[in-house]
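What's counted below: heavy atoms across the whole structure, side chains too, no hydrogens, waters or symmetry copies. When a residue number appears, it is its place in the shown sequence, counting from 1.
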Amino acid sequence: MRRFIKSFLAKVVSRVLVVTMVVVTCQTTFVRSAHAQRAAIPNWAVVEFVNKSNYGGTAIAAIATDSVIREFQKNGKYEIAPKATVEQQMKELGLAPPLDRLKVMNLGQELNVDAIVAGEINQITISDKGAKQAKVIMSVYVYDSSSGRAVSGATGVTGISTGRVGLTGGEDALVQEAIQLAALEAVAKISSLHIADATILFAGPEKVIMNKGSREGLKVGMEMLILRYGEYVATVKLGEVSGDDATGSILDSAKGVRPGDKARAIFPVTEVKVKGGEVVRGAPRGTKNISGIFTTVLVVGLVLMLLSKGSGGGNSATDSVKAESVNDNTTLGAAVRVSWNTNLFAKNNAGRVEWHIWRSGSVLPVGVANGNLNFFIDDTNSLLTQWHDGRGQPSYPTCADDPGSTDLQEGAVQPGTTYSYSLSLFYKINSADIGGGGGGTATECFFESDQRTADGVATALDRGVLQLPPNQSESVDLRTVSFSWESVLGANAYVVELSTDITFNNRNAIKVVAEVNTAQFGGIVSTTILDLRSLFPNATKLYWRVGAKNLGDNPGPVPDRIGKRYVFSLPFEFTPVEGPPPPPGGK
């Protein structure tokens with residue numbers, strides 16, 4: 001490790017120091033107590049299991065799904081999206097289990113969760129030798145929402161019910177007991193594999209350094225996903241691991257890795273089959289094994305799209321584009337999250353090269369996203385990247401050559417400014433699929449789709465700066481509390497949230513105490529005097545924060561855990577008291 005640092009970082013030590021200072025400064029601002037050092041718990045969604053056994057059909061699959069959800073909730077290490085919310089979102093997206101890679105990514109984005117949990121019942125057997133018993137073999141997989149890749153799981157776990165001597169009938173009760181035991185074992189195993197995300201401290205052309213090591217469970221040979229704002233950018237494999245840091249080699253990269261990116265550990269999970277009542281393990285479940293990953297190109301759809309373009313019709317590659325302001329722990333400041341749903345053409349086109357994101361007033365795109373992704377973060381960083389300029393590409397039936405990649409660097413977003421966004425797709429197809437390329441000689445034809453404009457606008461907003469009650473205030477009288485903060489440029493609506501959880505991730509521990517609409521830019525904004533004694537009567541520590549938004553934005557900022565669309569400040573804490581009781585007579 002020391003040899004690598006001396007040789008690889010000698011020329012960039014000043015950059016590492018700057019990054020470290022930024023991280024320390026941010027931590028100093030936010031981490032005011034031991035409670036603040038707790039990382040946000042993972043937010044997961046569980047989809048309906050698939051029953052591959054010959055017993056019970058979908059009813060048994062539903063029991064398995066509910067059992068796993070209950071165990072995750074009892075475990076307390078994860079926040080699980082409500083089952084009804086997951087089912088409704090799948091219905092709106094037209095999804096049904098099992099989910100392929102792109103469907104996992106689409107569902108994860110719409111639910112705003114870190115991972116999708118899916119599972120299957122591999123086998124159910126009933127034994128009636130002496131004591132009647134049920135045996136269930138189950139597999140549970142955890143898929144990262146940003147990449148669709150299986151990153152953890154528990155496969156081939158077995159649950160065996162208590163034996164019942166002389167029992168006639170009652171198999172369903174035995175099966176349900178066995179399912180519950182298998183779910184308990186699966187969740188316990190998955191929980192034991194969890195490692196909190198690491199942060200990239202340095203990124204070179206081939207190597208990266210991260211701030212976690214063997215003390216947190218990292219090991220040589222482990223693969224890790226690299227994420228930026230929750231978006232997949234690369235995969236690395238660890239080559240050196242010390243107690244507190246690790247180095248990795250970049251295996252593949254959708255975007256260049258940079259300091260501040262997050263690294264998420266991958267725990268390989270194997271496919272299983274059951275033969276003769278015994279579990280037989282196969283190859284690790286990877287990107288290619290999520291139930292029919294990349295579907296083949298629909299040639300008819302491609303030709304129709306190209307004909308439409310040649311005849312002057314539209315050829316957008318997405319059904320809808322959404323722009324939402326965001327400024328949280330994953331960003332370095334004011335930013336806008338642009339996301340989209342692919343239409344039938346794009347969804348089934350394996351030749352998607354890259355998405356081009358256009359901002360109002362920009363001559364060139366402000367960003368480029370890998371063709372398999374469905375969102376992009378436009379922030380206050382002006383970064384140099386590569387793009388394929390397809391604006392001058394000829395239309396079908398002419399087969400256009402690849403224009404090649406060129407440098408692209410556009411200005412960063414400005415806090416307080418409202419933007420509209422549009423999206424286009426640069427894609428390729430085989431010339432043979434469009435009749436030999438219409439007279440062209442290239443084997444691959446490259447095209448740029450029309451731009452699709454987002455349904456609404458988004459305002460890039462800074463976080464509010466809190467004033468009163470001051471951070472770490474003692475003995476704040478809950479009978480007469482007033483909150484105040486500095487106004488946010490571009491915002492005209494605010495909400496004040498109170499919680500017993502500093503992360504504001506527990507939706508059951510969040511209360512909205514005030515909403516204020518004002519067009520005031522500059523100065524201090526305040527609530528009226530509030531009586532909060534009934535909200536958290538037994539709390540010894542409370543946390544408050546303020547959310548800001550522009551009412552003209554549609555749909556508004558990325559929602560929080562209770563669905564409020566605001567850009568939230570960092571939280572302040574205070575110790576509450578209810579004040580002395582009133583004197584006799586009420587005076």
Side-chain angles (χ1 to χ4, degrees), residues 42-50 52 64-65 68-69 71-72 77-78 80-81 86 90 95-109 111 113-122 137-157 182-183 185-197 217-219 221-227 230-238 251-252 254 262-274 279-295 370 372-374:
N43 188 22
W44 291 1
V46 181
V47 299
E48 195 75 11
F49 279 30
V50 176
K52 293 187 175 182
T65 308
V68 168
I69 290 175
E71 291 302 325
F72 273 124
K77 295 183 179 180
Y78 309 90
I80 304 300
V86 177
M90 290 188 67
L95 303 179
L99 302 180
D100 63 27
R101 175 178 175 269
L102 295 179
K103 291 175 181 177
V104 165
M105 295 168 66
N106 194 12
L107 180 61
Q109 173 190 319
L111 291 172
V113 295
D114 302 314
I116 299 294
V117 180
E120 56 197 27
I121 298 177
N122 304 108
I137 299 177
M138 178 192 299
S139 295
V140 181
Y141 300 92
V142 181
Y143 298 108
D144 171 67
S145 293
S146 65
S147 63
R149 180 170 179 175
V151 293
S152 184
T155 59
V157 296
E185 180 182 342
V187 171
K189 181 177 180 180
I190 291 171
S191 299
S192 70
L193 296 176
H194 178 71
I195 295 176
D197 292 351
L218 299 185
K219 299 178 180 179
M222 179 178 284
E223 292 187 9
M224 304 190 77
L225 300 178
I226 307 301
L227 311 174
E231 173 188 347
Y232 170 78
V233 296
T235 302
V236 303
K237 185 174 183 179
L238 300 185
L251 299 180
D252 65 81
K262 300 300 180 182
R264 182 167 298 167
I266 299 172
F267 298 93
V269 286
T270 56
E271 298 277 2
V272 299
K273 294 182 179 180
V274 181
V279 174
V280 178
R281 299 190 179 276
R285 173 168 287 202
T287 305
K288 296 181 180 180
N289 294 324
I290 310 177
S291 182
I293 290 295
F294 287 111
T295 53
N370 185 278
N372 293 324
L373 301 177
N374 54 7

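Put simply, the side chain of V46 does not reach to within 4.5 Å of the side chain of V86, judged on heavy atoms. Looking at heavy atoms from C-beta onward, W44 lies in side-chain contact with I190 at the 4.5 angstrom threshold. Using a 4.5 Å heavy-atom threshold, the side chains of L99 and Y143 count as separate. The shortest distance between side-chain heavy atoms of M90 and P97 falls below 4.5 Å. Residues V140 and V157 fail the side-chain proximity criterion, which asks for heavy atoms closer than 4.5 Å. Side-chain contact between V68 and F49 is present, with heavy atoms from C-beta onward closer than 4.5 Å.
A side-chain donor-acceptor contact under 3.5 Å links S139 to the backbone of G156. Under a 3.5 Å cut-off, the side chain of R101 and the backbone N or O of S147 do form a donor-acceptor pair. For the pair S152 (side chain) and F267 (backbone), a donor-acceptor distance under 3.5 Å is absent. The main-chain N or O of N43 is found under 3.5 Å from a side-chain atom of D114 such that the two form a donor-acceptor pair.
Closest approach of A64 to M138, counting heavy atoms only: CB-CE, 4.0 Å. Contact between I266 and A150 at its shortest, heavy atoms only, is CG2-O, 4.0 Å. What you find for P42 and H194 is that their closest heavy atoms are CG-CE1, 3.6 Å. The two residues L111 and A45 have their closest heavy-atom pair at CD1-CB, 3.7 Å. The two residues S145 and V113 make their nearest non-hydrogen contact at OG-O, 3.1 Å. When every heavy atom of T65 is checked against every heavy atom of V47, the shortest pair comes out as CG2-O, 3.8 Å.
Atom CD1 of residue I195 and atom CE of residue M222 lie 4.5 Å apart, to the nearest 0.5 angstrom. Remark: L225 CG to D144 CG distance equals 5.0 Å, nearest 0.5 Å. To the nearest 0.5 Å, the span separating CD on Q109 from CG on L107 amounts to 10.0 Å. The NZ atom of K262 sits 11.0 Å away from atom CD1 of I226, with the distance rounded to the nearest 0.5 Å. The distance from the CD atom of E231 to the CG atom of N370 is 8.5 Å, given to the nearest 0.5 Å.
Residues passing the side-chain hydrogen bond (donor to acceptor under 3.5 Å, both in side chains) test with Y232, sequence neighbours excluded: T235, D252.
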Check: When you look at R149 and R264, which way does the side-chain contact (heavy atoms from CB on, under 4.5 Å) test go after all the steps?
Finding: CA-CA 12 Å; R149 180 170 179 175; R264 182 167 298 167; over 6 Å; no

